[in-house]
There are 2 protein chains.
Amino acid sequence: MNSQTKENYLKSIYFLSKKNKEISLTELSDLMNVSKPTANNMIKKLTLIGWVSYEKYKPILLTDKGEKEASLIVRKHRLSEIFLSKIMGFGWEEVHDIAEDMEHLKSEKLFDRMNELLGFPKVDPHGSPIPNKSGEIYEESYINFSKIEHGNNVRLCALENSSKELLVYLNNKNIRLGTELFIKHIEPFDNSVVVNYDGYKSVTLSYEVIKNFLVEKI
Amino acid sequence: MNSQTKENYLKSIYFLSKKNKEISLTELSDLMNVSKPTANNMIKKLTLIGWVSYEKYKPILLTDKGEKEASLIVRKHRLSEIFLSKIMGFGWEEVHDIAEDMEHLKSEKLFDRMNELLGFPKVDPHGSPIPNKSGEIYEESYINFSKIEHGNNVRLCALENSSKELLVYLNNKNIRLGTELFIKHIEPFDNSVVVNYDGYKSVTLSYEVIKNFLVEKI
DNA sequence: TATATAAGTTAGACTAATCTAACAAATAGA
DNA sequence: TCTATTTGTTAGATTAGTCTAACTTATATA
């Protein structure tokens with residue numbers, strides 16, 4: 001299996017390639033805090049795995065396979081951070097270090113469950129997107145509910161920034177990802193909306209709530 | 001630092017010593033699924049760390065230091081299991097494997113927070129006790145609230161078996177570990193009790209609730 | 001464009017964790 | 001109590017990840 005060590009190298013390469021596309025051994029060895037021969041040695045192994053392509057004296061290039069693999073680690077990291085912050089009540093400044101460790105946890109189910117409990121967040125609280133299980137970062141063109149006009153009906157697809165309180169609130173209202181909302185009225189004064197959905201009629205949702213809804217028209 | 005590998009050996013030794021006190025190399029190598037020379041080699045290293053004491057051809061003995069260290073790993077494992085089950089909604093059969101991985105997470109704060117969110121459980125759902133942060137397994141003589149008679153006042157010290165629902169309930173009632181409960185009345189019909197605590201007067205707690213309370217008299 | 005400096009490579013060594021093959025010690029049963 | 005079997009040890013090898021020292025290639029600028 002792929003060791004934590006290799007995963008950490010891959011992640012470093014991934015972040016370096018976001019800025020530069022081409023990465024030098026020195027940049028990598030600096031970021032990883034290892035000697036250049038160590039980084040060189042590791043790059044040869046990562047080439048064998050197929051995560052990077054490398055030729056002597058040339059820059060390091062991340063392959064598609066490597067990029068996908070790295071995205072999955074980033075996904076685990078970001079889900080962990082949000083989970084630690086929203087569900088476990090850690091301060092945002094505390095979560096990074098713990099997530100560095102958690103991102104290497106092997107259980108896929110664990111992260112799927114976190115994702116679910118968090119309401120499938122599209123982005124972490126800093127606005128960084130969460131890659132999906134295939135390692136793809138969808139730049140879905142969901143629309144913020146607050147931009148929708150009367151007469152449209154929408155499906156809730158994602159939450160912009162889902163606090164624990166919001167999730168509990170939506171749970172109580174029986175609104176979940178996929179719920180179809182039929183807009184009866186938009187109140188201009190406070191931007192609240194009145195909707196029908198499932199068995200519920202004329203439910204008022206405040207702007208505080210709906211500004212977090214990423215929806216698509218149906 | 002102590003590697004996950006060493007921690008796993010230590011845990012195996014810990015569980016073997018619960019049954020036998022003296023452990024043979026063969027038992028260990030069998031449990032760890034490694035060859036005898038590998039186990040032998042590792043035992044020498046664990047002796048150096050001070051977790052076990054060992055002399056050629058003699059049985060393996062766990063030291064106090066080793067026992068403490070092992071308890072801390074068990075603590076992390078059991079807290080993880082309860083957390084996965086109670087807070088994350090995993091089936092009890094799914095949690096073990098994930099906890100095997102989580103028990104090696106380094107953050108102390110993470111497990112302290114789990115402990116807190118779970119209401120400081122004394123035992124896991126199978127009745128196995130949770131070692132404390134010092135690695136001690138206290139066999140505290142807390143009394144189950146249902147055994148307390150009228151006229152006594154008590155402090156809530158632990159929960160026997162704390163479901164998520166119970167924790168949410170107690171949270172709403174503002175009852176937490178350490179809360180002092182003054183018994184006004186015990187209803188013989190349904191074993192419910194009426195208590196005063198903090199700012200609250202004459203609050204009725206059902207038997208369903210108080211049967212989970214481990215308390216001490218004050 | 002020649003060369004000083006930066007970047008990258010090779011060689012050789014070390015620790016951790018593992019193996020197999022061969023041998024030695026302990027023990028259990030005839 | 002003698003020996004066959006089980007148990008444990010030694011020796012030597014391998015892979016992963018790391019290092020330093022010495023060397024080579026690339027590059028930047030004088």
Side-chain angles (χ1 to χ4, degrees), chain A residues 1-17 19-63 66 69-70 73 100-101 103-104 106, chain B residues 1-14 16-17 19-62 66 69-70 73 100-101 103-104 106:
Chain A
M1 252 296 66
N2 299 313
S3 64
Q4 286 195 197
T5 308
K6 286 202 185 72
E7 289 189 349
N8 284 333
Y9 276 90
L10 180 61
K11 202 165 50 119
S12 288
I13 293 166
Y14 178 82
F15 287 121
L16 286 172
S17 77
K19 295 179 195 164
N20 278 329
K21 206 76 191 170
E22 296 190 338
I23 308 131
S24 72
L25 251 188
T26 305
E27 282 177 297
L28 181 61
S29 69
D30 283 356
L31 192 54
M32 289 299 297
N33 270 301
V34 296
S35 68
K36 280 187 273 196
T38 297
N40 188 269
N41 180 55
M42 184 55 77
I43 281 301
K44 287 172 185 168
K45 290 179 184 174
L46 299 189
T47 303
L48 245 42
I49 296 175
W51 284 350
V52 300
S53 69
Y54 187 64
E55 287 170 80
K56 264 192 185 182
Y57 299 108
K58 295 270 156 59
I60 301 161
L61 290 167
L62 193 58
T63 64
E69 199 64 34
I73 302 166
E100 281 295 294
D101 219 357
E103 72 192 10
H104 302 292
K106 291 180 295 290
Chain B
M1 252 295 67
N2 299 315
S3 64
Q4 285 194 200
T5 308
K6 288 202 182 75
E7 288 189 353
N8 284 333
Y9 276 90
L10 180 62
K11 203 163 51 119
S12 288
I13 293 165
Y14 178 81
L16 286 172
S17 78
K19 297 178 193 164
N20 278 329
K21 206 79 194 166
E22 295 190 341
I23 308 133
S24 72
L25 252 188
T26 304
E27 284 176 295
L28 181 60
S29 69
D30 283 354
L31 192 54
M32 289 299 296
N33 271 299
V34 295
S35 68
K36 280 187 273 196
T38 298
N40 187 270
N41 181 55
M42 184 55 78
I43 282 301
K44 287 173 186 167
K45 290 178 185 175
L46 300 188
T47 304
L48 246 41
I49 296 175
W51 284 349
V52 301
S53 69
Y54 187 64
E55 285 169 83
K56 265 191 186 184
Y57 299 107
K58 297 270 158 58
I60 300 161
L61 290 166
L62 192 58
E69 199 65 32
I73 301 166
E100 281 294 293
D101 218 359
E103 74 192 9
H104 302 293
K106 291 180 295 292

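Every chain is numbered from 1, with letters handed out A, B, ... down the list of sequences. Side chains are part of it too, since the values below use all heavy atoms of this structure and drop only hydrogens, waters and symmetry mates.
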List every contact pair, protein side and nucleotides 18-23 of chain C side both N or O, where the distance is under 3.5 Å.
| unit_1 | atom_1 | unit_2 | atom_2 | d |
| --- | --- | --- | --- | --- |
| C:dT18 | OP2 | B:Tyr9 | OH | 2.9 |
| C:dC19 | OP2 | B:Ser35 | N | 3.0 |
| C:dC19 | OP2 | B:Ser35 | OG | 3.0 |
| C:dC19 | OP2 | B:Thr38 | OG1 | 2.5 |

Which pairs, protein N/O on one side and nucleotides 24-28 of chain C N/O on the other, fall under 3.5 Å?
| unit_1 | atom_1 | unit_2 | atom_2 | d |
| --- | --- | --- | --- | --- |
| C:dA25 | O4' | B:Tyr57 | OH | 3.4 |

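Spacing between atom CD of A:Glu22 and atom P of D:dT27 amounts to 11 Å, rounded to whole angstrom units. C:dA17 atom C1' lies 15 Å from atom CG of B:Leu48, rounded to whole Å. Between A:Lys58 atom NZ and C:dG8 atom C1' the separation is 13 Å, expressed in whole Å. When rounded to the nearest whole Å, the span between CD of B:Gln4 and C1' of D:dA16 equals 15 Å. Taking atom CG on B:Asn2 and atom P on C:dT15, their separation rounds to 17 Å, with Å as the unit. Note: CD1 (B:Ile43) to C1' (C:dA16) measures 15 Å, nearest angstrom. What separates CG of B:Leu28 from C1' of D:dT6 is a distance of 17 Å, to the nearest Å. For the pair A:Glu55 CD and D:dA26 C1', the interatomic distance rounds to 16 Å; values are reported in whole Å.
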Only distances under 3.5 Å count here; give the side-chain donor-acceptor pairs of residues 47-54 of chain A to other protein atoms, sequence neighbours excluded, each with its distance to 0.1 Å.
| unit_1 | atom_1 | unit_2 | atom_2 | d |
| --- | --- | --- | --- | --- |
| A:Thr47 | OG1 | A:Ile43 | O | 2.7 |

Acceptor/donor pairs from residues 28-37 of chain A side chains to any protein atom, 3.5 angstrom cut, sequence neighbours excluded:
| unit_1 | atom_1 | unit_2 | atom_2 | d |
| --- | --- | --- | --- | --- |
| A:Ser29 | OG | A:Leu25 | O | 3.4 |
| A:Ser29 | OG | A:Thr26 | O | 3.1 |
| A:Ser35 | OG | A:Thr38 | N | 3.4 |
| A:Ser35 | OG | A:Thr38 | OG1 | 2.9 |

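Remark: A:Thr26 is not in phosphate contact with C:dA6, judged by side-chain N or O atoms under 4.0 Å from OP1 or OP2.
You'll find the side chain of B:Leu46 reaches within 4.5 Å of the side chain of B:Ile13, heavy atoms only. Using a 4.5 Å heavy-atom cutoff, the side chains of A:Ile60 and A:Glu22 are not in contact.
The CD atom of A:Glu69 sits 7.0 Å away from the CD atom of A:Glu7 when rounded to the nearest 0.5 Å.
Applying the side chain to side chain donor-acceptor pair (under 3.5 Å) criterion to A:Ser17, with sequence neighbours excluded, gives no partner residue. Residues passing the side chain to side chain donor-acceptor pair (under 3.5 Å) test with B:Glu103, sequence neighbours excluded: B:Lys11, B:His77. Under the rule for a side-chain contact (heavy atoms from CB on, under 4.5 Å), the partners of B:Glu27 that lie at least two apart in sequence or sit in another chain are B:Leu16, B:Asn20, B:Ile23, B:Ser24. Every side chain to side chain donor-acceptor pair (under 3.5 Å) that B:Lys44 has, sequence neighbours left out, goes to B:Asn40.
Within the 4.0 angstrom heavy-atom criterion, only backbone atoms of the sugar-phosphate kind lie near B:Lys44; the bases stay farther away.
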